[in-house]
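Okay, so here's the structure we're looking at.
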Amino acid sequence: AQSVSQHNHHVILSEAASLELGCNYSYGGTVNLFWYVQYPGQHLQLLLKYFSGDPLVKGIKGFEAEFIKSKFSFNLRKPSVQWSDTAEYFCAVTANSGGYQKVTFGTGTKLQVIP
Amino acid sequence: EAQVTQNPRYLITVTGKKLTVTCSQNMNHEYMSWYRQDPGLGLRQIYYSMNVEVTDKGDVPEGYKVSRKEKRNFPLILESPSPNQTSLYFCATKLGVGTLHFGNGTRLTVT
(Lines give C-alpha, C1' and ligand atoms only; values in the text may rest on other atoms or scores of the structure.)
Protein backbone atom coordinates (compact mmCIF):
# COMPACT_ATOMS: atom_id res chain seq x y z
CA ALA A 1 0.00 0.00 0.00
CA GLN A 2 1.19 3.51 -0.70
CA SER A 3 1.97 6.10 1.92
CA VAL A 4 2.91 9.77 1.97
CA SER A 5 5.16 11.57 4.46
CA GLN A 6 5.27 15.28 5.04
CA HIS A 7 7.99 15.94 7.57
CA ASN A 8 7.34 19.63 8.13
CA HIS A 9 4.23 19.98 10.26
CA HIS A 10 4.37 23.71 10.84
CA VAL A 11 6.46 26.25 8.94
CA ILE A 12 6.71 29.95 9.74
CA LEU A 13 8.21 32.31 7.17
CA SER A 14 8.46 36.01 6.65
CA GLU A 15 7.05 37.51 3.47
CA ALA A 16 9.44 37.25 0.49
CA ALA A 17 11.21 34.25 1.97
CA SER A 18 11.61 31.15 -0.16
CA LEU A 19 9.56 28.06 0.57
CA GLU A 20 10.24 24.38 0.21
CA LEU A 21 7.90 21.79 1.68
CA GLY A 22 8.97 18.19 1.69
CA CYS A 23 6.91 15.25 0.45
CA ASN A 24 8.05 11.67 0.19
CA TYR A 25 5.95 8.76 -0.93
CA SER A 26 6.27 5.04 -0.67
CA TYR A 27 5.08 2.90 -3.56
CA GLY A 28 6.86 0.59 -5.92
CA GLY A 29 4.90 1.32 -9.08
CA THR A 30 3.73 4.21 -11.18
CA VAL A 31 2.23 7.10 -9.27
CA ASN A 32 0.51 10.38 -9.89
CA LEU A 33 1.38 13.17 -7.49
CA PHE A 34 -0.54 16.19 -6.28
CA TRP A 35 -0.29 19.16 -4.00
CA TYR A 36 -3.50 20.55 -2.57
CA VAL A 37 -3.90 23.75 -0.56
CA GLN A 38 -6.47 24.48 2.11
CA TYR A 39 -6.92 28.15 3.01
CA PRO A 40 -8.34 28.84 6.48
CA GLY A 41 -11.96 27.76 6.69
CA GLN A 42 -12.06 26.45 3.14
CA HIS A 43 -11.96 23.14 1.33
CA LEU A 44 -8.95 21.66 -0.42
CA GLN A 45 -8.06 22.99 -3.85
CA LEU A 46 -5.60 21.65 -6.38
CA LEU A 47 -2.30 23.52 -6.50
CA LEU A 48 -0.48 21.37 -9.04
CA LYS A 49 -0.15 17.81 -10.27
CA TYR A 50 2.32 15.48 -11.92
CA PHE A 51 1.27 12.62 -14.17
CA SER A 52 4.22 12.14 -16.51
CA GLY A 53 6.75 14.03 -18.62
CA ASP A 54 8.74 17.01 -17.34
CA PRO A 55 9.39 16.32 -13.66
CA LEU A 56 9.28 20.03 -12.86
CA VAL A 57 5.67 21.10 -12.79
CA LYS A 58 4.30 24.56 -12.34
CA GLY A 59 1.05 25.31 -10.64
CA ILE A 60 -1.06 28.26 -9.71
CA LYS A 61 0.10 31.29 -7.72
CA GLY A 62 3.80 30.79 -8.54
CA PHE A 63 4.14 27.36 -6.94
CA GLU A 64 6.17 24.59 -8.51
CA ALA A 65 7.15 21.06 -7.56
CA GLU A 66 9.82 18.66 -8.70
CA PHE A 67 9.33 14.93 -9.00
CA ILE A 68 12.55 13.07 -8.20
CA LYS A 69 11.85 9.42 -8.83
CA SER A 70 15.09 8.15 -7.30
CA LYS A 71 14.27 9.90 -4.04
CA PHE A 72 10.52 9.17 -4.10
CA SER A 73 10.03 12.87 -3.52
CA PHE A 74 7.74 15.61 -4.79
CA ASN A 75 8.75 18.76 -2.93
CA LEU A 76 6.77 21.97 -3.25
CA ARG A 77 8.60 25.25 -3.80
CA LYS A 78 7.89 28.94 -4.15
CA PRO A 79 10.65 31.54 -4.54
CA SER A 80 8.93 34.30 -2.59
CA VAL A 81 5.94 33.71 -0.32
CA GLN A 82 3.19 36.19 0.41
CA TRP A 83 0.98 36.62 3.44
CA SER A 84 -1.90 35.23 1.36
CA ASP A 85 -0.03 31.90 1.07
CA THR A 86 -0.85 31.19 4.72
CA ALA A 87 -2.65 27.86 4.48
CA GLU A 88 -2.28 24.16 5.03
CA TYR A 89 -0.63 22.20 2.23
CA PHE A 90 -1.25 18.54 1.52
CA CYS A 91 0.75 16.22 -0.67
CA ALA A 92 -1.20 13.33 -2.21
CA VAL A 93 -0.42 10.29 -4.31
CA THR A 94 -2.57 8.06 -6.43
CA ALA A 95 -1.51 4.58 -7.41
CA ASN A 96 -3.16 1.61 -9.00
CA SER A 97 -4.60 -0.66 -6.35
CA GLY A 98 -6.49 -3.56 -7.87
CA GLY A 99 -7.80 -1.41 -10.69
CA TYR A 100 -8.80 1.42 -8.39
CA GLN A 101 -6.84 4.66 -8.22
CA LYS A 102 -6.53 5.04 -4.47
CA VAL A 103 -5.71 8.54 -3.25
CA THR A 104 -3.54 8.83 -0.16
CA PHE A 105 -2.85 12.14 1.56
CA GLY A 106 0.01 13.23 3.75
CA THR A 107 -0.67 14.69 7.17
CA GLY A 108 -0.30 18.24 5.92
CA THR A 109 2.02 21.19 6.55
CA LYS A 110 0.69 24.39 8.05
CA LEU A 111 2.39 27.42 6.57
CA GLN A 112 2.22 30.71 8.39
CA VAL A 113 3.57 33.74 6.55
CA ILE A 114 4.35 36.75 8.70
CA PRO A 115 3.95 40.16 7.05
CA GLU B 1 -20.52 25.84 -12.34
CA ALA B 2 -18.96 22.54 -11.21
CA GLN B 3 -19.98 21.94 -7.63
CA VAL B 4 -19.85 19.45 -4.81
CA THR B 5 -22.45 20.44 -2.25
CA GLN B 6 -22.44 19.18 1.31
CA ASN B 7 -25.08 19.74 3.95
CA PRO B 8 -25.09 20.73 6.68
CA ARG B 9 -21.93 22.84 7.09
CA TYR B 10 -22.06 22.57 10.87
CA LEU B 11 -23.74 19.93 13.02
CA ILE B 12 -23.76 19.41 16.77
CA THR B 13 -25.39 16.22 18.00
CA VAL B 14 -25.41 13.83 20.92
CA THR B 15 -24.00 10.35 21.21
CA GLY B 16 -26.18 7.71 19.59
CA LYS B 17 -28.48 9.98 17.60
CA LYS B 18 -28.44 8.87 13.96
CA LEU B 19 -27.45 11.49 11.42
CA THR B 20 -26.89 11.85 7.70
CA VAL B 21 -24.55 14.23 5.92
CA THR B 22 -25.57 14.74 2.32
CA CYS B 23 -23.29 15.18 -0.68
CA SER B 24 -24.41 16.06 -4.17
CA GLN B 25 -22.42 16.74 -7.34
CA ASN B 26 -23.36 18.20 -10.71
CA MET B 27 -20.36 17.01 -12.72
CA ASN B 28 -21.64 13.54 -13.60
CA HIS B 29 -18.50 12.03 -12.04
CA GLU B 30 -18.62 8.32 -11.38
CA TYR B 31 -16.23 8.39 -8.43
CA MET B 32 -17.23 9.87 -5.09
CA SER B 33 -15.56 9.61 -1.74
CA TRP B 34 -15.79 10.70 1.89
CA TYR B 35 -12.83 11.86 3.97
CA ARG B 36 -12.43 12.98 7.53
CA GLN B 37 -9.83 15.55 8.48
CA ASP B 38 -8.30 15.59 11.94
CA PRO B 39 -5.41 17.73 13.23
CA GLY B 40 -2.08 16.02 12.69
CA LEU B 41 -3.66 13.14 10.78
CA GLY B 42 -4.45 14.81 7.46
CA LEU B 43 -7.28 13.42 5.37
CA ARG B 44 -8.30 9.83 5.80
CA GLN B 45 -10.68 8.09 3.45
CA ILE B 46 -13.85 6.67 4.99
CA TYR B 47 -15.70 5.18 2.02
CA TYR B 48 -15.61 5.55 -1.72
CA SER B 49 -17.87 4.71 -4.63
CA MET B 50 -16.75 3.88 -8.13
CA ASN B 51 -20.27 4.13 -9.55
CA VAL B 52 -23.94 3.71 -8.73
CA GLU B 53 -24.52 0.80 -6.33
CA VAL B 54 -20.74 0.24 -6.04
CA THR B 55 -19.23 1.26 -2.71
CA ASP B 56 -16.20 0.12 -0.77
CA LYS B 57 -14.42 0.79 2.49
CA GLY B 58 -11.58 3.24 2.75
CA ASP B 59 -9.05 3.40 5.55
CA VAL B 60 -11.37 4.32 8.45
CA PRO B 61 -14.87 2.95 7.72
CA GLU B 62 -15.83 1.86 11.24
CA GLY B 63 -18.98 3.58 12.48
CA TYR B 64 -20.01 4.88 9.06
CA LYS B 65 -22.31 3.78 6.26
CA VAL B 66 -22.82 5.11 2.75
CA SER B 67 -25.17 4.52 -0.14
CA ARG B 68 -25.01 5.35 -3.85
CA LYS B 69 -28.46 4.92 -5.32
CA GLU B 70 -27.93 7.57 -7.99
CA LYS B 71 -24.84 9.07 -9.54
CA ARG B 72 -25.17 12.58 -8.14
CA ASN B 73 -25.70 11.74 -4.44
CA PHE B 74 -23.47 10.01 -1.90
CA PRO B 75 -24.75 10.45 1.66
CA LEU B 76 -22.68 9.59 4.72
CA ILE B 77 -24.63 7.95 7.52
CA LEU B 78 -23.63 7.71 11.17
CA GLU B 79 -26.05 5.22 12.72
CA SER B 80 -24.86 5.78 16.30
CA PRO B 81 -22.38 8.66 16.47
CA SER B 82 -19.73 8.71 19.15
CA PRO B 83 -17.46 11.55 20.35
CA ASN B 84 -14.48 10.10 18.44
CA GLN B 85 -16.35 10.87 15.24
CA THR B 86 -16.11 14.58 15.98
CA SER B 87 -14.25 15.79 12.92
CA LEU B 88 -14.31 17.80 9.71
CA TYR B 89 -15.79 15.78 6.87
CA PHE B 90 -15.26 16.31 3.16
CA CYS B 91 -17.00 14.77 0.21
CA ALA B 92 -15.06 14.63 -3.05
CA THR B 93 -15.56 13.55 -6.64
CA LYS B 94 -13.05 12.59 -9.29
CA LEU B 95 -13.08 11.98 -13.01
CA GLY B 96 -10.82 9.10 -13.95
CA VAL B 97 -7.26 9.67 -12.80
CA GLY B 98 -8.03 13.32 -12.46
CA THR B 99 -8.01 15.68 -9.57
CA LEU B 100 -10.35 15.54 -6.61
CA HIS B 101 -13.09 18.14 -6.36
CA PHE B 102 -14.03 18.77 -2.75
CA GLY B 103 -17.16 20.02 -1.10
CA ASN B 104 -17.01 22.82 1.48
CA GLY B 105 -16.90 20.46 4.41
CA THR B 106 -19.13 19.54 7.34
CA ARG B 107 -17.89 20.21 10.85
CA LEU B 108 -19.46 17.59 13.13
CA THR B 109 -19.38 17.71 16.90
CA VAL B 110 -20.67 14.73 18.88
CA THR B 111 -21.14 15.34 22.60
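Within every chain, numbering begins at 1; the chains are lettered A, B, ... in the order of the sequence lines, protein sequences first and strands thereafter.
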A:Leu46 versus chain B, the contacting section by heavy-atom distance below 4.5 Å: side chain
Which of B:Asp56, B:Asp59, B:Leu100, B:Asp38 touches chain A most, by non-hydrogen pairs under 4.5 Å: B:Leu100
Closest-packed option against chain A by number of heavy-atom pairs under 4.5 Å, given B:Leu43, B:Asn104, B:Leu88: B:Leu43
Side chain to side chain donor-acceptor pair (under 3.5 Å) assessment of B:Asn73 paired with B:Ser24: CA-CA 5 Å; B:Asn73 295 322; B:Ser24 178; 3.2 Å; yes
Contact origin within A:Glu88 toward chain B - heavy atom pairs under 4.5 Å: side chain
Greater than 12 external heavy atoms within 6.0 Å of B:Ile12's CD1: no
CD on A:Glu64 to CG on A:Asn75, rounded to 0.5 Å: 11.0 Å
Proximity breakdown for A:Gln38 and chain B, heavy-atom pairs closer than 4.5 Å: side chain
Aromatic ring pairing B:His101/B:His29, orientation class (parallel under 30°, perpendicular over 60°, tilted between): tilted
Largest heavy-atom contact set with chain B, pairs under 4.5 Å, which of A:Val4, A:Asn32, A:Leu44: A:Leu44
Parallel, tilted or perpendicular: ring planes of A:Phe105 versus A:Tyr36, cut at 30 and 60 degrees: tilted
